[in-house]
Structure formats: structure tokens, C-alpha cells
Asks: 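This structure is in C-alpha cells; I'll ask about it shortly.
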Amino acid sequence: MARRASTHRLEFEPAAIYQYPEHLRDSLDALPKCPGVYVFHGDSDVMPLYIGKSVNIRSRVLSHLRTVEEARMLRQSRHITFIPTAGEVGALLLEAQMIKQQQPLHNKRLRHNRQLCSLQVLDGKPTVVYAKEIDFSHAPGLYGLYSSRRAAQQTLLTLADNHKLCHGLLGLEATRAGRACFRASLGRCAGACCGKETVEAHNQRLLDALASVQVVCWPYQGAIALVEERPGMKQYHIIHNWFYLGSVEDLADAPRLKATAKSFDSDGYKILCGPIIRGKLPIVEL
């Protein structure tokens with residue numbers, strides 16, 4: 001019995017089922033050494049197995065073929081396709097867009113998060129708000145992007161511990177006006193709840209602690225084109241309200257992509273903050 005159980009376990013170990021995917025060799029010849037997105041296709045015409053991106057498509061795909069942990073996906077794959085881009089930003093944006101649209105079987109990130117929330121601080125009071133209820137691209141006083149209410153509240157708990165903030169003023173527990181909270185008696189709250197420090201000082205300390213994760217409002221009147229190029233290719237990535245609408249190689253084609261974003265895209269925001277806010281790439285306002 002013990003010997004049979006051992007054999008059964010080996011059947012499901014990646015190292016035991018891995019074989020170099022010779023059947024994919026025909027897909028390798030055309031793979032370029034440039035930035036872009038690549039797709040592993042299986043038997044389904046509508047749902048790919050895996051979508052990835054790289055600054056060197058050929059090198060990255062070849063590394064997949066030698067990865068024992070991906071043995072199952074490689075056995076299921078029938079062919080590989082690719083889409084070149086002008087640079088890394090375009091590859092990141094296109095990968096995120098395609099994963100959300102096509103929901104590949106083996107991608108476990110960059111999926112739609114329908115519970116996306118943030119901490120909105122108005123008049124010193126933090127509140128958990130949801131992207132499905134307000135427009136995160138224009139709402140003031142937002143701090144952090146979280147996958148759940150619990151994650152947002154955990155951030156407040158951590159900040160309270162690190163900066164001696166009051167749970168009562170943060171809305172994490174009920175307290176009586178003018179009376180010290182339990183944490184104040186332990187020296188873990190600076191005492192804004194009982195007059196040992198001003199509420200204004202407490203609120204400013206909260207904002208200072210949150211400053212590094214402040215969500216930046218969309219800084220343009222409308223859509224923009226983010227310009228990225230390499231030898232032999234130039235692309236205009238069309239962005240509106242932190243939402244990636246698509247890429248064109250001729251600005252004359254941009255109007256067909258100028259549509260209103262349906263919802264705030266946290267992945268797009270994280271990809272685009274550096275290039276847009278820090279001016280890493282040229283921008284054309286549309």
C-alpha cells in the first residue's frame with residue numbers, strides 16, 4: 001500500500017511529468033527579441049492558457065519551456081503567438097488588458113477586482129470607499145488601493161500602532177467624547193481622544209503616514225497619448241482617467257479609441273503612475 005501511494009504522489013509532481021515540449025518548436029522560429037506580449041494557446045480558441053509580457057519575448061518564452069513547475073501548462077499548449085510593442089510600458093498595459101478580457105486559465109493575477117476599495121480621508125475621518133460607488137480617478141483624499149475592506153482597515157490598525165493614533169478617531173472602535181480610550185491608558189495612543197494632543201495634530205499625523213500611498217487624481221482634462229518608441233517601432237498608448245484604451249502607431253487612429261473608462265483600473269494606475277507623473281515618457285494631450 002505504501003509503495004502504491006508513493007507512485008500516486010509522483011504522478012502529480014511537476015518534475016515527474018516534465019518533458020521538453022518538442023511540439024512547440026515550430027512556434028519558436030518567429031519569436032522576436034523585442035518587448036511585447038506572448039500567448040500560450042491550448043485547444044480552446046477563446047480562452048488562452050497563459051498570457052505574459054517581457055522586454056525580450058524570445059528569451060522569456062524559452063525560459064518557460066525549461067521551467068519544470070509549468071509542466072502541465074506546457075503539455076496543454078498547442079502553439080504560441082506574440083504581439084510586439086514599442087517598449088516595456090506598452091507590454092505591461094497590453095498584458096493587463098488581455099488578461100482581464102480573456103481570463104487565461106493559468107494567470108492568477110491582474111484579474112478584475114470587483115471589491116477594489118480605498119481609504120478616503122475627509123475632515124480627518126478615514127472611511128472605506130469602493131470603486132464601484134465613486135470615481136477613483138477624480139475623487140479627492142484617497143489613500144491606498146485595497147482588495148477588500150478588511151485589508152483597508154488592517155492598514156489603519158497598523159498605522160495606529162506605528163504612530164500612536166486613536167482607534168476612536170479612526171472609527172475602529174466606539175469611544176465616549178472626552179474620555180481616554182483603552183489604548184491611551186497603555187501609552188499606545190497619544191491622547192487626542194482625551195485632550196492630551198489636539199485632534200488637528202492627530203489628523204495631520206494620519207495624513208503624513210498615508211502620504212506615500214495617496215491616489216493621484218487624473219491630471220489632464222481628457223485623454224492623452226503616451227509616446228513610446230524603439231528602433232523600427234513607435235506607439236501611442238491612449239490613456240483616459242488612468243484607463244488604458246489601446247495603442248496606435250499613427251495618432252490619426254487615436255479617435256477610435258477615445259472612449260470613457262467604464263471603471264477605475266488599479267493595475268493600469270500602478271503601471272502608469274511612473275511614466276505619467278514622473279514624466280518618463282513624452283505625452284501628447286488629445
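Keep in mind that the numbers below use all heavy atoms, side chains included, and drop hydrogens, waters and symmetry copies.
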Asks: Assess whether atom CD of Q221 is packed by more than 12 heavy atoms of other residues, nucleotides or ligands within 6.0 Å.
Replies: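 Atom CD in Q221 is not crowded, with 12 or fewer foreign heavy atoms closer than 6.0 Å.
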
Asks: Taking ILVMFWY side chains as joined if any heavy atoms are under 4.5 angstrom apart, and letting links pass through other members, which residues group with F182?
Replies: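 Its cluster partners, ordered by chain and number, are L186.
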
Asks: Check S118 against G144 and note the closest heavy-atom contact, atom names and distance.
Replies: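 That closest heavy-atom pairing would be OG-O, 2.6 Å.
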
Asks: Go through the side-chain N and O atoms of D135 and S137 and say whether any donor and acceptor fall under 3.5 Å apart.
Replies: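 Yes, a side-chain donor-acceptor pair sits under 3.5 Å.
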
Asks: Rounded to the nearest 0.5 Å, how far does CD of Q101 lie from CG of L94?
Replies: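 Between atom CG of L94 and atom CD of Q101 there are 8.5 Å.
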
Asks: With clusters defined by side-chain heavy atoms of hydrophobic residues (ILVMFWY) lying less than 4.5 Å apart, directly or transitively, does V55 cluster with I80?
Replies: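 No; tracing contacts between hydrophobic side chains, which count when under 4.5 Å, never links both residues.
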
Asks: Is there a side-chain contact between I239 and W218 (heavy atoms, below 4.5 Å)?
Replies: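 Answer yes - side chains close enough.
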
Asks: Side chains of C273 and W242: does their closest heavy-atom pair fall under 4.5 Å?
Replies: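 Side chain of C273 against side chain of W242, heavy atoms only: contact under 4.5 Å found.
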
Asks: Indicate the ring-plane relationship of F264 and F136, choosing parallel, tilted or perpendicular according to the 30° and 60° boundaries.
Replies: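 Rings of F264 and F136: tilted, 30 to 60°.
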
Asks: Can you say whether the rings of H79 and H41 are parallel (under 30°), tilted (30 to 60°) or perpendicular (over 60°)?
Replies: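 The rings of H79 and H41 lie parallel, inter-plane angle below 30°.
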
Asks: Same hydrophobic cluster for L210 and V199, using side-chain heavy-atom links shorter than 4.5 Å among ILVMFWY?
Replies: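 In one cluster: no.
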
Asks: Check for a donor-acceptor pair, side chain of T85 on one end and backbone N or O of G87 on the other, with a separation under 3.5 Å.
Replies: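 Yes.
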
Asks: Can a donor-acceptor pair be found, under 3.5 Å and without considering hydrogens, that links the side chain of R60 to the backbone of G52?
Replies: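 No; zero donor-acceptor contacts below 3.5 Å.
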
Asks: Does the side chain of E70 come under 3.5 Å of the side chain of H106 through a donor N or O and an acceptor N or O?
Replies: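 No - no donor-acceptor pair under 3.5 Å links their side chains.
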
Asks: Evaluate the criterion side chain to side chain contact (heavy atoms under 4.5 Å, CB included) for residue pair I276 and I224; output intermediate values, then yes/no.
Replies: CA-CA 10 Å; I276 292 178; I224 65 167; 3.8 Å; yes

Asks: Would a single hydrophobic cluster contain both Y20 and M73, if residues Ile, Leu, Val, Met, Phe, Trp and Tyr are joined by side-chain heavy-atom contacts under 4.5 Å?
Replies: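 Cluster IDs for M73 and Y20 match.
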
Asks: Is the backbone of D253 close enough, under 3.5 Å, to the side chain of D250 for a donor and an acceptor to pair up by distance?
Replies: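 Checked: no pair found.
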
Asks: Between NZ of K53 and CD1 of I99, what distance do you get to the nearest 0.5 Å?
Replies: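 Answer for the NZ-CD1 pair, K53 versus I99, is 8.5 Å.
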
Asks: Write down the atom of A152, the atom of L119, and the distance for their closest heavy-atom approach.
Replies: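 Nearest pair, atom of A152 first, then L119: O-CD1, 3.9 Å.
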
Asks: Can you tell me how far the CZ atom of R188 sits from the CG atom of L165, to the nearest 0.5 Å?
Replies: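 If we round to the nearest 0.5 Å, R188:CZ and L165:CG are 12.0 Å apart.
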
Asks: Got a donor-acceptor contact below 3.5 angstrom from the H202 side chain to the C166 backbone?
Replies: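 Yes, the answer is positive, given that a donor and an acceptor are paired below the 3.5 Å cut-off.
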
Asks: State which residue, out of I57, T81, L62, fulfils the side chain to side chain contact (heavy atoms under 4.5 Å, CB included) condition with L31.
Replies: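 Testing L31 for a side chain to side chain contact (heavy atoms under 4.5 Å, CB included) against I57, T81, L62 leaves exactly one candidate, I57.
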
Asks: Should H167 and R183 be marked as a side chain to side chain contact (heavy atoms under 4.5 Å, CB included) after you check the CA-CA gap, both sets of side-chain angles, and the distance that decides it?
Replies: CA-CA 8 Å; H167 278 197; R183 284 164 46 85; 3.4 Å; yes

Asks: Using every non-hydrogen atom in the two residues, find where N56 and P32 come nearest and quote the distance to one decimal.
Replies: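 Heavy atoms of N56 and P32 come nearest at OD1-O, 4.1 Å.
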
Asks: How would you list, by chain and number, every residue that makes a side-chain contact (heavy atoms from CB on, under 4.5 Å) with R230, sequence neighbours excluded?
Replies: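 Partners of R230 under the side-chain contact (heavy atoms from CB on, under 4.5 Å) test: C34, P35, P84, M233.
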
Asks: To the nearest 0.5 Å, what is the distance between NE2 (H64) and CZ (F40)?
Replies: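 H64 atom NE2 to F40 atom CZ measures 5.0 Å (nearest 0.5 Å).
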
Asks: Quick one: are Q214 and L142 in side-chain contact, heavy atoms under 4.5 Å?
Replies: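 They are not in side-chain contact.
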
Asks: Work out which heavy atom in I51 is nearest to a heavy atom in E95; give both atom names and the distance.
Replies: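 Here I51 and E95 meet closest at O-OE2, 3.8 Å.
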
Asks: Between the side chain of Q120 and the main-chain N/O of P140, is any donor-acceptor distance below 3.5 Å?
Replies: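 Indeed, once roles are kept as given, a pair shorter than 3.5 Å links the two residues.
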
Asks: With clusters defined by side-chain heavy atoms of hydrophobic residues (ILVMFWY) lying less than 4.5 Å apart, directly or transitively, does L122 cluster with L170?
Replies: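 Unlinked, L170 and L122 end up in two clusters.
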
Asks: Please determine whether side chain to side chain contact (heavy atoms under 4.5 Å, CB included) holds for the pair H163 and L206, giving the CA-CA distance in whole Å, both sets of side-chain angles, and the decisive distance to 0.1 Å.
Replies: CA-CA 8 Å; H163 301 277; L206 169 63; over 6 Å; no

Asks: Do any N or O atoms from the side chain of N241 and from the backbone of F243 form a donor-acceptor pair under 3.5 angstrom?
Replies: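 Absent.
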
Asks: Let me confirm one number: the CG-CG distance from D161 to L156, rounded to the nearest 0.5 Å.
Replies: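 Those atoms lie 11.0 Å apart.
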
Asks: Checking the side chain of Y220 only, and the main-chain atoms of H240 only, is there a donor and an acceptor separated by less than 3.5 Å?
Replies: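 Answer holds: no.
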
Asks: Knowing that exactly one of E228, Q235, Q97, H237 qualifies, which makes a side chain to side chain donor-acceptor pair (under 3.5 Å) with S247?
Replies: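 Only one option passes, and that is H237.
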
Asks: For T127, give me all partners under side chain to side chain donor-acceptor pair (under 3.5 Å), at least two apart in sequence or on another chain.
Replies: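 Partners of T127 under the side chain to side chain donor-acceptor pair (under 3.5 Å) test: none.
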
Asks: If you count every heavy atom of other residues, nucleotides or ligands that lies below 6.0 Å from N162 atom CG, does the total exceed 12?
Replies: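 Yes, because the 6.0 Å sphere around CG of N162 holds more than 12 heavy atoms from other groups.
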
Asks: For L145 and Y269, run side chain to side chain contact (heavy atoms under 4.5 Å, CB included): C-alpha distance rounded to whole Å, both residues' side-chain angles, the deciding distance at 0.1 Å, then the answer.
Replies: CA-CA 10 Å; L145 297 169; Y269 174 82; 3.7 Å; yes

Asks: Within a strict 4.5 Å, meaning less than it, do heavy atoms of the M98 and N107 side chains meet?
Replies: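 With C-beta onward as the side chain, the pair stays apart.
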
Asks: Would you say the side chain of E197 lies within less than 4.5 Å of the side chain of R205, judging by non-hydrogen atoms?
Replies: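 Sidechains of E197 and R205: in contact.
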
Asks: Just checking F82 against Y38, ring centres under 6.0 Å apart?
Replies: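 Ring-ring flag for F82/Y38: false, centres at least 6.0 Å apart.
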
Asks: Under 6.0 Å from the NZ atom of K125, do we count more than 12 heavy atoms belonging to anything else shown?
Replies: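 More than 12 within 6.0 Å, yes.
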
Asks: Looking at every heavy atom in both C193 and C189, which two are closest together, and how far apart are they?
Replies: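 Scanning both residues, the minimum pair turns out to be SG-SG, 4.0 Å.
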
Asks: Can you give me the closest heavy-atom contact between M47 and Q103, atom names plus distance?
Replies: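 Minimum heavy-atom separation between M47 and Q103: CG-O, 3.6 Å.
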
Asks: Is a donor on one side and an acceptor on the other found under 3.5 Å between the side chain of S77 and the backbone of G42?
Replies: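 No; zero donor-acceptor contacts below 3.5 Å.
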
Asks: Quick check: is V121 connected to L169 through a chain of hydrophobic side chains (ILVMFWY, heavy atoms under 4.5 Å apart)?
Replies: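 Per the 4.5 Å side-chain linkage, L169 and V121 are not co-clustered.
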
Asks: Side-chain contact test, heavy atoms from C-beta onward, threshold under 4.5 Å: evaluate it for I238 versus Y244 and give yes or no.
Replies: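 When only atoms from C-beta onward are counted, Y244 and I238 do not touch, as no gap falls below 4.5 Å.
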
Asks: For R78, look at atom CZ and say whether over 12 heavy atoms of other residues, nucleotides or ligands are found less than 6.0 Å away.
Replies: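 Enclosed.
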
Asks: Counting C-beta onward and ignoring hydrogens, is there a side-chain heavy-atom pair between L65 and L28 closer than 4.5 Å?
Replies: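 L65 reaches L28 side chain to side chain.
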
Asks: Is Y146 close to L116 at the side-chain level, that is, under 4.5 Å between some pair of heavy atoms?
Replies: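 Side chain of L116 against side chain of Y146, heavy atoms only: no contact under 4.5 Å found.
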
Asks: To the nearest 0.5 Å, what is the distance between NZ (K280) and CD (E88)?
Replies: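 Interatomic distance, K280 NZ to E88 CD, rounded to 0.5 Å: 9.5 Å.
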
